[in-house]
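Quick notes on the structure that follows.
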Protein chains: 2
Amino acid sequence: MQNLIKAINHYISLSDEDINIIDQLFVKKELKVNDSFLTEGGVCKEFAYINNGLLRHCIINNGEEETFYFSTEYDFVCDYESFINKAISKKSIIALEDTTIYSISYSNMQLFYSKVKFGERFGRLLLEDVFTKAINHIISSHTDAAEQRYLNFMSSFSHIQQRIPQYYIASFVGVTPQSLSRIRRQLVKK
Amino acid sequence: MQNLIKAINHYISLSDEDINIIDQLFVKKELKVNDSFLTEGGVCKEFAYINNGLLRHCIINNGEEETFYFSTEYDFVCDYESFINKAISKKSIIALEDTTIYSISYSNMQLFYSKVKFGERFGRLLLEDVFTKAINHIISSHTDAAEQRYLNFMSSFSHIQQRIPQYYIASFVGVTPQSLSRIRRQLVKK
DNA sequence: AAAAATCATTACCATAGGGTAACAAATTAT
DNA sequence: ATAATTTGTTACCCTATGGTAATGATTTTT
């Protein structure tokens with residue numbers, strides 16, 4: 001729970017009372033490899049902090065599963081669209097490694113916003129961060145060719161890059177594993 | 001100012017006092033065609049609501065200008081990354097039409113968050129909306145071929161589609177104007 | 001350890017989209 | 001109205017990436 005407190009504290013300052021509240025609202029959960037945090041067709045019922053482990057966000061398109069994001073230790077994870085609107089999600093979030101999370105339900109999250117002194121501000125600041133990353137991701141995928149997108153991935157996710165199989169990286173980069181392999185070969189040449 | 005109040009009121013309920021505050025914090029501004037709301041290399045010093053008009057978000061890459069978003073009447077507009085961190089922006093936001101905005105400075109925005117009763121919540125809820133759209137955009141550009149991305153554009157921006165030149169649409173879709181022309185021809189055939 | 005399964009690489013051909021250029025259509029300026 | 005400029009379309013060739021298949025390499029299972 002220490003890490004979670006630290007992560008929230010990064011955005012807002014927490015009183016002892018706030019910490020107590022957080023302690024009561026979040027629940028520790030364990031995911032084994034291949035367990036789902038969220039499954040396509042269900043509703044995302046929790047917002048979570050990853051204490052350790054690695055998750056993969058994917059979506060099925062024309063029967064093809066595409067990986068579009070990775071979340072790892074010290075990240076917050078959620079399908080906001082589904083969580084916020086209690087809407088059916090098209091996404092799945094699946095453990096690539098055994099993962100420990102601190103999870104909070106929707107209703108508890110609302111309590112967090114109202115009871116923690118700067119709770120709303122935390123929500124806003126966290127979203128500002130993730131939104132900013134999302135925009136940069138959009139621009140990169142708009143602007144950059146596959147090789148550069150791969151390099152972008154390698155620098156954005158340098159800390160977890162060795163823990164992810166090539167074919168998921170290929171999917172994230174938006175190419176086939178064959179193309180990624182070719183791109184990697186060309187990069188070695190240089 | 002009526003429209004702005006309505007737009008904020010969509011997310012949070014506003015007291016008369018709140019409305020008074022908003023009235024004092026936002027400033028009406030006019031942009032002529034080709035005027036910039038934000039210029040590359042500068043800092044985004046304002047967050048704004050578009051009362052009427054049309055803006056184009058772009059970024060320069062290898063000397064090539066790429067359009068990656070459009071904002072129009074009833075939208076909020078800002079380069080969050082720059083605004084929040086007072087950081088140099090790589091983006092420009094330029095008027096495609098004469099545009100009227102209600103603008104608020106960074107420091108006034110902080111006053112908004114603290115003085116308007118549910119100000120922080122407004123910030124969070126608005127970001128939840130824009131973030132959700134961003135994610136869907138990422139997934140679409142990840143998943144869909146050019147023709148489908150064009151169709152997605154046509155449905156997401158159906159209300160303003162006729163007001164935007166083809167070459168900006170092509171850029172948004174991520175193809176050359178020649179390719180877009182080809183795609184459009186093929187769609188007509190069908 | 002051997003066999004099976006999974007993952008990564010390479011090769012070959014097919015195709016979507018880029019680049020250049022020419023032209024056509026539409027808009028703007030004179 | 002005419003000329004000039006800007007925007008959109010078409011054609012041609014080229015390149016990056018996809019798809020299929022075969023082969024190696026690695027990991028997992030027995």
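Note on naming: letters A, B, ... go to the chains in the order of the sequence lines (proteins, then strands), and numbering restarts at 1 for each one.
Taking the ring centroids of B/F131 and A/Y80, they lie under the 6.0 Å cut-off. Here B/Y49 and B/F26 keep their ring centres 6.0 angstrom or further from each other.
Under the salt bridge (charged side-chain N to carboxylate O under 4.0 Å, His left out) criterion, B/R124 pairs with A/E120, B/E128, sequence neighbours left out.
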| request: List the steps and the verdict of ring pair (Phe, Tyr, Trp, His ring centres under 6.0 Å) for B/F122 and B/F112. | output: CA-CA 10 Å; B/F122 165 77; B/F112 174 97; 5.5 Å; yes
Please produce a list of atom pairs where a protein N or O lies less than 3.5 Å from an N or O of nucleotides 22-30 of chain C.
none

Mind listing the N/O atom pairs, protein and nucleotides 11-13 of chain D, below 3.5 Å?
none

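Aromatic ring pairs are classed by plane angle as parallel below 30°, tilted from 30° to 60° and perpendicular above 60°; the pair A/F47 and A/F76 is parallel.
For DNA chain D, none of the residues of residues 151-163 of chain B falls under the heavy-atom distance limit of 4.0 Å.
Judged as a ring pair (Phe, Tyr, Trp, His ring centres under 6.0 Å), the pairs with a partner in residues 163-183 of chain A (not counting sequence neighbours) are, in order, A/F70-A/F172, A/H137-A/F172, A/F153-A/F172, A/F157-A/F172.
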| task | List the protein contact pattern of nucleotides 24-30 of chain D with one symbol per nucleotide (5' to 3'): B for base contact, S for sugar-phosphate-only contact, - for none; contact means a heavy-atom distance under 4.0 Å. | result | -------
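Residue A/S181 is classed as a base contact, given a heavy-atom separation below 4.0 Å to a base.
Across every non-hydrogen atom of B/R163 and B/G53, the tightest pair is NH2-O, 3.4 Å.
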